[in-house]
J.: 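Quick one: the structure is below, questions incoming.
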Amino acid sequence: MKNSISDSFEEIILNSHAFNWAPDWQVVQDIYKAFPNSYSVLTPFAYSYLEELIRSNTSEYGREIYDENRNPKKRNVGMDLIKLAIKENREKKPEFVNILKEIKIYYYDSKSSDEGDNRHSVAHGYMHPRFWSKESFEKLIHDNARLSKFAGF
């Protein structure tokens with residue numbers, strides 16, 4: 001049975017970093033409860049959290065990465081981050097990896113038919129927020145909740 005949106009928010013808050021994310025997630029929950037049409041304002045935050053949640057399960061989390069010349073190296077983002085997380089967790093966290101494989105859809109290149117259910121359309125301004133949907137936002141919240149128990153914060 002699928003969790004309610006309130007249950008999903010609570011799961012995220014319970015497992016998020018107590019100082020860095022939990023207070024903000026509480027605000028997001030309060031705003032969404034009071035203003036259900038606020039999903040277009042809250043969606044970018046939820047995608048930012050998703051990215052950090054995934055990164056917290058990789059060797060890149062919490063440290064600078066340098067190339068062979070000791071120059072800062074760009075971090076993996078988007079689909080490259082998903083691939084890194086799958087590679088590094090295949091053996092020790094198969095359930096996490098299975099969820100990552102499911103949520104890859106958020107990281108595919110945007111199409112004109114996307115309605116906010118794609119990280120690129122949100123993060124890169126490809127799709128105007130008025131076209132994002134409440135259903136897409138709530139699916140993103142549920143997926144964040146499913147991954148939350150694996151948070152490496």
J.: Who are the side-chain contact (heavy atoms from CB on, under 4.5 Å) partners of K87, not counting sequence neighbours?
T.: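 Listed in chain order: nothing, the list is empty.
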J.: Please determine whether the number of non-hydrogen atoms from other residues, nucleotides or ligands lying under 6.0 Å from atom CD of E64 exceeds 12.
T.: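 Enclosed.
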J.: Report yes if the side chains of Y107 and I54 come closer than 4.5 Å at any heavy-atom pair, otherwise no.
T.: yes
J.: Centroid separation under 6.0 Å, is that true for the rings of W25 and Y32?
T.: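 No: the rings miss the under 6.0 Å criterion.
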J.: Please find the pair of heavy atoms, one from A22 and one from A18, that lie closest to each other, and give the distance.
T.: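 Smallest heavy-atom distance, with atoms named: CB-O, 3.8 Å.
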J.: In Å, rounded to the nearest 0.5 Å, how long is the span from OG of S38 to NZ of K134?
T.: 9.5 Å
J.: I'd like to check F19 versus H17 (side-chain heavy atoms, cut-off strictly below 4.5 Å). Are they in contact?
T.: yes
J.: Hey, quick one: are L84 and L147 part of the same hydrophobic cluster, counting side-chain heavy atoms closer than 4.5 Å, chains of contacts allowed?
T.: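 No.
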J.: Measure the CG-CD distance between N144 and E52 for me, rounded to the nearest 0.5 Å.
T.: 11.5 Å
J.: Measure the spacing between CG of N89 and CG of N98 and express it to the nearest 0.5 Å.
T.: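 Going from the CG atom of N89 to the CG atom of N98 covers 11.5 Å.
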J.: Between N57 and E88, do the side chains contain an N or O donor and an N or O acceptor separated by less than 3.5 Å?
T.: no
J.: Just how far is it from atom NZ of K139 to atom CD1 of I103, taken to the nearest 0.5 Å?
T.: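 It is 8.5 Å, given to the nearest 0.5 Å.
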J.: Ignoring hydrogens, what is the shortest heavy-atom contact between S8 and I141? Give both atom names and the distance.
T.: CB-CG2, 3.9 Å
J.: Less than 4.5 Å apart, any side-chain heavy atom of R75 and any of R55?
T.: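 Yes, side chains in contact.
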J.: How would you list, by chain and number, every residue that makes a side chain to side chain donor-acceptor pair (under 3.5 Å) with Q29, sequence neighbours excluded?
T.: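 Per chain and number, Q29 pairs via side chain to side chain donor-acceptor pair (under 3.5 Å) with E10, Q26.
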J.: Taking OH in Y61 as the centre, count heavy atoms belonging to other residues, nucleotides or ligands within less than 6.0 Å. Is the count above 12?
T.: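 More than 12 heavy atoms, drawn from other residues, nucleotides or ligands, come within 6.0 Å of this atom.
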J.: Do the rings of F9 and F137 sit parallel, tilted or perpendicular, given the 30° and 60° boundaries?
T.: tilted
J.: Is the shortest heavy-atom distance from the side chain of F153 to the side chain of L53 under 4.5 Å?
T.: yes
J.: Hydrophobic cluster membership, with links at side-chain heavy-atom distances under 4.5 Å among I/L/V/M/F/W/Y: are L140 and M79 in one?
T.: yes
J.: Output yes when E102 and R146 qualify as a salt bridge under the 4.0 Å nitrogen-oxygen rule, no when they do not.
T.: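 Yes.
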J.: In the structure I gave you, are the side-chain heavy atoms of D143 and I99 within less than 4.5 Å of one another anywhere?
T.: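 In short, these two side chains do not touch, never coming nearer than 4.5 Å.
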J.: Looking at D80 and N76, would you say the former's side chain and the latter's main chain have a donor-acceptor pair under 3.5 Å?
T.: no
J.: Does the distance from a Lys or Arg side-chain N to an Asp or Glu carboxylate O, for K149 and E95, drop under 4.0 Å?
T.: yes
J.: State plainly whether one hydrophobic cluster holds both V28 and V41, where clusters connect Ile, Leu, Val, Met, Phe, Trp and Tyr through side-chain heavy atoms under 4.5 angstrom apart.
T.: no
J.: Could you grab the distance from atom CG of L81 to atom CG of L100, nearest 0.5 Å is fine?
T.: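 With rounding to 0.5 Å, CG (L81) is 8.5 Å from CG (L100).
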J.: Could you give all pairs that pass the ring-ring contact (aromatic ring centres under 6.0 Å, His included) test and reach residues 86-105, with sequence neighbours left out?
T.: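 Listed by first then second residue: F96-F150.
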J.: Grab the two heavy atoms, one from S56 and one from G152, that are nearest each other, plus how far apart they are.
T.: OG-N, 2.9 Å
J.: May I have the step-by-step check of side chain to side chain contact (heavy atoms under 4.5 Å, CB included) for I86 and K104, ending in yes or no?
T.: CA-CA 11 Å; I86 289 172; K104 272 186 179 182; 3.9 Å; yes
J.: Please tell me if the side chains of I31 and Y39 come closer than 4.5 Å, counting only heavy atoms from C-beta onward.
T.: no
J.: Taking all non-hydrogen atoms of both residues, which atom of D67 and which atom of N69 are closest, and how far apart?
T.: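 Heavy atoms of D67 and N69 come nearest at OD1-N, 2.8 Å.
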J.: So, taking the atom named OH in Y66 and the one named NZ in K73, what distance separates them when rounded to the nearest 0.5 Å?
T.: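 Between atom OH of Y66 and atom NZ of K73 there are 13.0 Å.
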J.: Treat each ILVMFWY residue as a node, draw an edge where side-chain heavy atoms are under 4.5 Å apart, and state whether L14 and F45 are in one component.
T.: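 No, no single cluster joins them.
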J.: For the backbone of G78 and the side chain of E51, can you confirm whether one donor and one acceptor N or O come within less than 3.5 Å of each other?
T.: yes
